[in-house]
Every structure is written in C-alpha cells, then in structure tokens.
Amino acid sequence: MYLRFKISICLIVPVIVNSVNITSLGSFKVSNAAFVTLYENPNGADPKNKYDFVVSAFSAIPFATDTVQLVKGVGQYMSSVSGIKPEILTTQATWPNEAAGVPDAVFGKRMVIVPYGFILPFKTNGGLKLIDVSSDTPAGPYTITDDSTGQWFYHRVRWHDMDGDGDLDAVTCHAREPIFGSKASELLWLENPNGDVTFPWKTHVLGEGPDIFFEYTTLNSTDGPLNCIVVAQFFTKALSVYWTTDSKGLWSNTSAVKSRVIDATIGAVFEVKLDDVNNDGKVDLLVTNNGNNGSVFVYEIPDDFRTGQFIRHVIGTGYMPISTGNGKGAPGSSFTARVSNDTKPVIILSGDDNGSAYILTAKSQDKTNWDYTQTTVVTTGGETVGQLACADVDGDGKLELFVPSYSTSVVYVYRLDM
C-alpha cells in the first residue's frame, strides 16, 4: 500500500510492446513520491500547458513532514525532464493520498483536493483539504471534513451533483483501522454549500463497507440507465456496486440507495476503473486485488447490473511483493490508455510493492480473446512504485507516462507511441 523505505538504483531499458514504443524521457526527484495525477486545464492555449502535474509524498516516520506538490504546465518540460522542480502546495496534510485537481466547474477556479490519513501511528487522523491554485501563490488548505466520530482516513474524491441543487458535491470513502478499537468504513458524500470552504461540509453516509477506491458511473438496467458508484473494498474484501432508484437519479434520499456485492472471492480489492476493455462497445470493470499473489481482472457488465452475472476474466496474475509483511502487496492501481477507438486499449499497471510498472497489451483484437502480453516498463530496484498517471501532456499526439518510485524518491517519465 505504497509504504516502503529501501533505496536502490533504477534500471531503465527502452522496449517496444507490440505496437507500443516506450521511450524514456528521464526522471526528476521527489522524495517518497507516492501518488501522481494529471490535472487538465481546459483553458490552456498552449498544448504544453494543458496539464498540471500533482504528486503526493509521505513518510512512515512519525511526525515527519508530508507534502503535496505541483508542476504547472508539465508538458513544457518533456525535453528536459531532469530539470522539473515541483512547488510545494502544502505540508499540512499527514499521509496525503490521491491528491487531484478539482473540475473547474466546482468553484469557478483551479483547486486541488487532498484526501489524507492512513493506518500508520500518528497519521491516522485524516480528512479532505482544498488548496486554491488559481494564482501564483497557493491559498489554503481549507479542511471541509469534520470527523467528530473518530479518526478516519480518505483516499479519493469524485465530483457529482448528488442532491440536484446545481452544484457538484464531493463523493468519497473513508475508513478507520485502529490496532485496538472498532474498525469501520463508509461510502459518503459531502454537500457543497455553494462553494464555501470556510467551514466543514455536511456529510451524508450512503453505506458501510467501501473504504478506499471507487468510481462514479452510469450503468444500464431494464429500467434504463441508473447512477452508480462501483467500489473496490480493500479492508472489507469485496467488489460492490451502489445505485440510486430515485426518479431523478439523486442520492439525497438514502432510502432510494441500493447495493449489491459483485464479487467477494478475490480478497483485498485494490482498484476499479471503467472502460470498454475488449472494444465490443460495452463498458467493463478493470479491477486489481492486492496481496502476496495479486491479479488483474476484467468483469463484463451484464445488461442489468442489478441482477445479471458479471463474467470475470483474469488478465494477469502472480504479482508478488518483494518482501512479505503487514501492509505489503502487489499489484497496485491499473487503468487503460488508448489513442485510437479502433483497437483495444493497453492496460497500464503499478506493481505497488514489487517495485515495477507494466504495460499489458492484447494479443488479439478478437473481442472474445482475453489473452495479454505483459512487458515491464521499469524495475526501479526499490520495493514500491506508487500510483501512475498518463496523458498527452505536450500535444504531440503521444502519451506520456509518469511512474513515481516511492522507494528511490524519483518520478520516471516515458513516452508511449501507439
């Protein structure tokens, strides 16, 4: 779970993955780089300024300073990656997780959301903080959580209008896993008070069990499309889906919220993403579990997700952490990347505690063929690689891949020519 300490030497070997040409662009230093995300700027006139780069960094040492850092217009540095020097946005979030850009429509200006906290001693008291990055000098952070019921930690936020009032609310999960005492996890949303960040936002709990990663989506049913939240339950070990039966698709009426366990047989579910993985015109679930023998799965979504069977395919398996122990596992997060809708997307995968990053490429364009070729993009020599990010950041029509090596305190950058 992105928690290692060993420092080693990175080995970079340019490779070609079927039709994907991978080129190393270099690396830059970020101590304990853990999660990276790319924040799109819809108003960026220069293609090289289209994306800002956000990275969270943390230490397991009690009372050590953790940071969230930013590189504005990261695409302008692709010819000189080693010269990238992120600016520190905040040191006031302990164990920051998936820090990410907030859609500009939420506040009418550029903001970053920081979910923070984890199970480590002295770092369990988490929350959600907002940072205003619309000017040269960051403002904040502003804490919008008020967890009077205990010390919760947060990992991800998605933005949707949950109550139909016209503004976007913060959808998230939180959990607590104390060594002693009661454990709990919840799916919830925080009600946006018309963009006011000067006080905590009202919390609405949707269900118990979801804890870390999830995605908001719309899925088909015999009653038409329904608003859904698909959740990867790490501590409670299940892949589940929540939906609302409200006639307007709202979540404010909790009696209209229903849920279903999709699969409770694969152990600690780490990540879930949605895409048409086999290019058959239907969206699938891309899922990873995390442990001493982890796997990558694709679930085909039935015509009615509420009652139909989710058909599971194993895309890759046998991922193991470099060393065993509490909290160590592999693989980490995965996502799809494509430059053409005519072919299956590639799957980009973090190895988490096996210290590597991978690309999985379909062996066939046959929609019924689920065989993949795996190629290692980088083996860092350290124990942990964090959450990856990928986009065309410089407007050249090719994707750039950012690989944070937590253990070696660098971020590696690659160009993918597909």
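Side chains included, hydrogens not; waters and symmetry mates left out as well; all remaining heavy atoms used.
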Look up atom OG in S56 and atom CG in L89, then write down how far apart they are to the nearest 0.5 Å.
11.0 Å
Minimum side-chain heavy-atom gap L188-W152 below 4.5 Å
no
From L70 atom CG to T37 atom OG1, the distance as rounded to the nearest 0.5 Å
9.0 Å
Tell me if the CG atom of D161 is crowded by more than 12 foreign heavy atoms within 6.0 Å.
yes
Aromatic ring centroids of Y319 and Y358 under 6.0 Å?
yes
Audit row: W243, V257, side chain to side chain contact (heavy atoms under 4.5 Å, CB included) steps and yes/no:
CA-CA 6 Å; W243 67 94; V257 177; over 6 Å; no
Could you work out, with salt bridge (Lys or Arg N to Asp or Glu O under 4.0 Å) as the rule, every residue matching R306, not counting sequence neighbours?
D223, D304
Step-by-step side chain to side chain contact (heavy atoms under 4.5 Å, CB included) determination, L226 to T218
CA-CA 5 Å; L226 297 175; T218 299; 5.9 Å; no
Do the non-hydrogen side-chain atoms of L349 and T288 ever get within less than 4.5 Å of each other?
yes
If we ignore hydrogens and angles and just use 3.5 Å, is the side chain of R156 paired with the main-chain N or O of F214 as donor and acceptor?
yes
For N369 and H313: C-alpha separation, side-chain torsions, deciding distance, then whether side chain to side chain contact (heavy atoms under 4.5 Å, CB included) applies.
CA-CA 10 Å; N369 188 314; H313 304 276; over 6 Å; no
Can the ring centres of Y116 and W95 be said to be less than 6.0 Å apart?
no
For a quick check under 3.5 Å, do D132 and S134 share a side-chain donor-acceptor pair by atom type?
yes
4.5 Å side-chain heavy-atom contact, I119 and E177
yes
Checking D104 against K109 for the salt bridge (Lys or Arg N to Asp or Glu O under 4.0 Å) test, could you report, in this order, the C-alpha distance in whole Å, the side-chain angles of both residues, the deciding distance, and whether it holds?
CA-CA 5 Å; D104 288 4; K109 57 184 177 181; over 6 Å; no
Evaluate the criterion side chain to side chain donor-acceptor pair (under 3.5 Å) for residue pair Q69 and E87; output intermediate values, then yes/no.
CA-CA 5 Å; Q69 303 178 39; E87 64 171 308; over 6 Å; no
Got a sec: does the CD of Q365 have more than 12 other heavy atoms crowding it under 6.0 Å?
yes
Just say parallel, tilted or perpendicular for the rings of W159 and W201, cut-offs at 30° and 60°.
perpendicular
With heavy-atom distances below 4.5 Å as the criterion, would you say the side chains of I262 and L285 are in contact?
yes
Donor-acceptor pair, distance only, cut-off 3.5 Å: does the side chain of T380 make one with the backbone of G382?
yes
With no hydrogens and no angle check, do the side chains of S334 and E271 hold a donor and an acceptor under 3.5 Å apart?
no
Any donor-acceptor N/O pair, T143 side chain to T145 backbone, under 3.5 Å
no
Looking at K50 and D394, does any basic side-chain N land under 4.0 Å from a carboxylate oxygen?
no
Kindly indicate whether the side chain of R338, heavy atoms from C-beta on, has any atom under 4.5 Å from the side chain of N279.
yes
Side chains of E383 and S323, donor plus acceptor under 3.5 Å:
yes
Does D352 offer a backbone N or O that forms a donor-acceptor pair with the side chain of S350 under 3.5 Å?
yes
Give the ring-plane orientation class for F153 versus H155, where under 30° counts as parallel, over 60° as perpendicular and anything between as tilted.
perpendicular
If you measure only the distance, is there a donor-acceptor pair under 3.5 Å linking the side chains of S252 and D163?
no
Taking G73's backbone N and O only, do any of them form a donor-acceptor pair with D52's side chain (distance below 3.5 Å, no angle check)?
yes
Under 3.5 Å: donor-acceptor pair, side chain of N354, backbone of I322
no
Value for CG (L239) from CZ (R312), rounded to nearest 0.5 Å, stands at 10.0 Å
Find the distance between NZ (K237) and CD1 (I266) and round it off to the nearest 0.5 Å.
11.5 Å
Go through the steps to decide whether T368 and D366 satisfy the test side chain to side chain donor-acceptor pair (under 3.5 Å), and finish with yes or no.
CA-CA 5 Å; T368 64; D366 184 343; 2.9 Å; yes
Side chain N97, main chain G117, donor-acceptor under 3.5 Å
yes
What do the steps show when you test S185 against D211 for side chain to side chain donor-acceptor pair (under 3.5 Å), and what is the final call?
CA-CA 5 Å; S185 53; D211 43 33; 4.6 Å; no
Taking the ring centre of each residue, are F53 and Y77 less than 6.0 Å apart?
no
Check the pair E98 / R158 against salt bridge (Lys or Arg N to Asp or Glu O under 4.0 Å), numbers first and verdict last.
CA-CA 11 Å; E98 190 184 77; R158 295 289 185 257; 3.5 Å; yes
For atom NZ of K72, decide whether the heavy atoms of other residues, nucleotides or ligands shown that lie under 6.0 angstrom number more than 12.
yes
Does L128 reach the side chain of P115, with side-chain heavy atoms less than 4.5 Å apart?
yes
Would you confirm whether D276, through its side chain, and V283, through its main-chain N or O, come within 3.5 Å as a donor-acceptor pair?
no
Can you tell me if N32 uses its side chain to pair, donor with acceptor, with the backbone of S59 under 3.5 Å?
no
Does the gap between the ring centers of Y406 and F58 come in under 6.0 Å?
yes
Taking A330's backbone N and O only, do any of them form a donor-acceptor pair with D353's side chain (distance below 3.5 Å, no angle check)?
no
Contact between M162 and W189 at the side-chain level, heavy atoms closer than 4.5 Å - yes or no?
yes
Output for pair (S24 OG, Y412 OH), nearest 0.5 Å, gives 9.5 Å
Verify whether the ring centers belonging to F122 and F63 lie closer than 6.0 Å.
yes
OG1/T23 to CG/N21 distance, rounded to the nearest 0.5 angstrom?
4.5 Å
Before accepting this row, confirm whether a basic side-chain N of the pair K367/E300 lies closer than 4.0 Å to the acidic partner's carboxylate O.
no
Looking at L130 and F107, what are the two nearest heavy atoms and their distance?
CD1-CZ, 3.6 Å
Reference residue L416; test side chain to side chain contact (heavy atoms under 4.5 Å, CB included); the match among V346, I348, D392
I348
Verify whether one side chain among T217 and E215 offers a donor that lies under 3.5 Å from an acceptor in the other.
no
Grab the two heavy atoms, one from S27 and one from V81, that are nearest each other, plus how far apart they are.
N-CG1, 3.6 Å
The single option from F270, F234, Y154, F335 passing ring pair (Phe, Tyr, Trp, His ring centres under 6.0 Å) against F213
F270
For V403 and Y414, what are the C-alpha separation, side-chain angles and deciding distance, and is it a side chain to side chain contact (heavy atoms under 4.5 Å, CB included)?
CA-CA 8 Å; V403 180; Y414 299 88; 4.1 Å; yes
Is any side-chain heavy atom of L360 closer than 4.5 Å to a side-chain heavy atom of T373?
no
